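The block underneath contains the structure these notes are about, expressed in structure tokens.
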Amino acid sequence: MTAVQQQDIIDYALRLGDDSLVLGHRVSEWTSNGPFLEEDIALSNVALDFIGRARMFYTYAADLMGEGKTEDDLAYLRDERQYQNFLINELPRGDFAFTIVRQLFVDVFNSHFLPLLCQSKDETLAAIAAKSEKETRYHLRRSRDWTIRLGDGTEESKQRMLNALDELWGYTPEMFEPDALEQRLAEAGIGVDTASIKDAWLRDVSAILNQATLPVPDAEWAIRGGRTGYHTEHLSHLLSVMQSVHRAYPGCQW
């Protein structure tokens, strides 16, 4: 592994960790706020899966960095512009329909992304993907079932799903626009060319929305910037909450 390629893998692991940590934190905000007890527990478990995934990516990045860095340094001691997560992951949790639609979009994405990452020439990235792929099958089953139930449910639940689709659709193009880093790693057989999974994502999401009697949005607006460190106002608020204890008591352990 060359020094240049190693830095690419560090950056790649960081952004995959950022995707997982930020979404995991958002989903964790449902803990004790779920619509009923069983769903409260289920959402908390999904949040833990994403946070656990973030730990694995951050630990790998920290190991490659050396310098004594840890997963905590990468999660709690970086500022907003240093995060490279997709913007859709940092949006406030919204109502239950909003969370379900976002989860559907992310779960379908991961159901295509992770099997390809399992084939990575980088054994650690492949191993993390293999573990995460199993979790994603469970996540997708939940988000698909809830989408169908709410979309084909009451007038109110359907309207909330329609609102969520309108609000979130423009955040999805960013997931299928690999930048130079991702293209280099894809060509090297280490990363995933996310542009190659866009058609499969749209096919699967459309099929689920059709089952839910929901229309596939045709809006053409798109918001980008997460991969280059430009975020919505929501990420800074999220980080101020998530990082507050660690920054107030640096090095403190339970």
Side-chain angles (χ1 to χ4, degrees), residues 19-51 85-112 135-176 198 201-226 231-238 241-242:
D19 283 335
S20 299
L21 180 66
V22 171
L23 184 59
H25 184 86
R26 279 302 185 215
V27 178
S28 77
E29 293 174 342
W30 278 103
T31 301
S32 80
N33 293 295
F36 51 89
L37 183 58
E38 185 177 4
E39 187 56 25
D40 194 308
I41 295 170
L43 285 167
S44 298
N45 283 331
V46 171
L48 284 173
D49 287 342
F50 277 97
I51 292 171
N85 54 279
F86 290 136
L87 297 180
I88 193 171
N89 292 358
E90 68 195 46
L91 300 177
R93 66 180 167 90
D95 64 13
F96 189 65
F98 187 93
T99 287
I100 290 300
V101 172
R102 169 169 50 194
Q103 206 61 42
L104 176 71
F105 290 166
V106 173
D107 292 341
V108 175
F109 174 85
N110 283 330
S111 74
H112 294 286
E135 299 167 349
T136 291
R137 285 199 290 271
Y138 161 73
H139 297 165
L140 178 56
R141 186 166 65 244
R142 285 192 66 259
S143 57
R144 178 177 54 214
D145 290 349
W146 269 114
T147 296
I148 295 170
R149 184 184 302 184
L150 295 176
D152 198 22
T154 66
E155 183 177 340
E156 180 179 356
S157 70
K158 188 180 193 70
Q159 186 57 54
R160 291 192 182 205
M161 293 294 283
L162 289 170
N163 294 342
L165 284 170
D166 287 342
E167 293 175 31
L168 286 165
W169 192 253
Y171 288 92
T172 59
E174 183 183 41
M175 298 193 292
F176 308 103
K198 182 177 182 178
W201 178 88
L202 182 59
R203 179 200 63 213
D204 290 354
V205 167
S206 298
I208 295 168
L209 293 181
N210 286 334
Q211 278 189 274
T213 68
L214 293 168
V216 179
D218 57 3
E220 297 181 356
W221 63 279
I223 296 180
R224 306 171 176 87
H231 296 279
T232 69
E233 61 180 318
H234 307 297
L235 182 62
S236 61
H237 296 295
L238 182 154
V241 172
M242 188 181 73

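Computed from a predicted model, the values in this text were never measured in an experiment.
When side chains are defined from C-beta on, Val241 does not count as touching His237, because their heavy atoms never get closer than 4.5 Å. Considering only heavy atoms from C-beta on, Ile223 stays 4.5 Å or farther from Glu174 through its side chain.
Remark: the backbone N or O of Leu238 is not paired with any side-chain donor or acceptor of Glu90 at under 3.5 angstrom. Ser236 places a side-chain N or O within 3.5 Å of a backbone atom of Glu233 that can act as its donor or acceptor partner. Between the side chain of Arg102 and the main chain of Leu91, a donor-acceptor pair closer than 3.5 Å is present. Between the Thr136 side chain and the Ser111 main chain, no donor and acceptor come within less than 3.5 Å of each other. Side-chain N or O atoms of Glu167 include none that pairs as donor or acceptor with a backbone N or O of Phe98 at under 3.5 Å.
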Exercise for review: Please step through side chain to side chain contact (heavy atoms under 4.5 Å, CB included) for the pair Val22 and His25, ending with a clear verdict.
Suggested key: CA-CA 5 Å; Val22 171; His25 184 86; 5.9 Å; no
Check your understanding: Does the side chain to side chain contact (heavy atoms under 4.5 Å, CB included) test come out yes or no for Leu165 and Leu209, once each step is laid out?
Key -> CA-CA 10 Å; Leu165 284 170; Leu209 293 181; 4.1 Å; yes
Review point. Please walk me through it: do His139 and Asn110 pass side-chain hydrogen bond (donor to acceptor under 3.5 Å, both in side chains)?
Key: CA-CA 10 Å; His139 297 165; Asn110 283 330; over 6 Å; no
Practice item. Before giving the answer on side chain to side chain contact (heavy atoms under 4.5 Å, CB included), spell out for Leu23 and Gln103 the whole-Å C-alpha distance, their side-chain angles and the decisive distance to 0.1 Å. Key: CA-CA 9 Å; Leu23 184 59; Gln103 206 61 42; 4.0 Å; yes
Practice item. Start with the C-alpha gap between His231 and Leu87, add the side-chain angles, then the distance that decides, and say whether side chain to side chain contact (heavy atoms under 4.5 Å, CB included) holds. Key: CA-CA 6 Å; His231 296 279; Leu87 297 180; 3.9 Å; yes
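Taken from CD1 in Ile208 to CG in Leu214, the straight-line distance is 11.0 Å, to the nearest 0.5 Å. Rounding to the nearest 0.5 Å places CD1 of Ile100 at 10.0 Å from CG of Asp145. Distance OG/Ser28 to CG/Asn33: 10.0 Å, rounded to 0.5 Å. Note that CD of Gln159 is 8.0 Å distant from CD of Glu155, once rounded to the nearest 0.5 Å. Taking CG from Leu43 and CD from Glu38, the interatomic distance works out to 11.0 Å, rounded to the nearest 0.5 Å. Summarising the geometry, atom CG belonging to Leu104 is positioned 4.0 Å from atom OG1 belonging to Thr147; distances are rounded to the nearest 0.5 Å.
Closest approach of Leu150 and Ala97 over heavy atoms only: CD1-CA, 4.4 Å. Closest heavy-atom contact between Gly34 and Asp40: N-OD2, 3.1 Å. Of all non-hydrogen atoms in Thr31 and Ser44, the two that sit nearest each other are OG1-OG, 2.8 Å. Of all heavy-atom pairs between Thr172 and Trp169, the closest is OG1-O, 2.7 Å. Across every non-hydrogen atom of Asp19 and Asn85, the tightest pair is OD1-CA, 3.1 Å. When every heavy atom of Ala42 is checked against every heavy atom of Tyr138, the shortest pair comes out as CB-OH, 4.1 Å.
A salt bridge links Glu29 with Arg26: the distance from a Lys NZ or Arg NE/NH1/NH2 to an Asp or Glu carboxylate oxygen falls below 4.0 Å.
Ring orientation note: the planes of Trp146 and Phe36 are tilted relative to one another, at an angle of 30° to 60°.
With sequence neighbours left out, Ser206 forms a side-chain contact (heavy atoms from CB on, under 4.5 Å) with Leu202, Val216.
Heavy-atom contacts from other residues, nucleotides or ligands closer than 6.0 Å to NZ of Lys158 number more than 12.
When each of Trp201, Tyr171, Phe86 is paired with Phe105, the ring pair (Phe, Tyr, Trp, His ring centres under 6.0 Å) condition holds for Trp201 and for no other.
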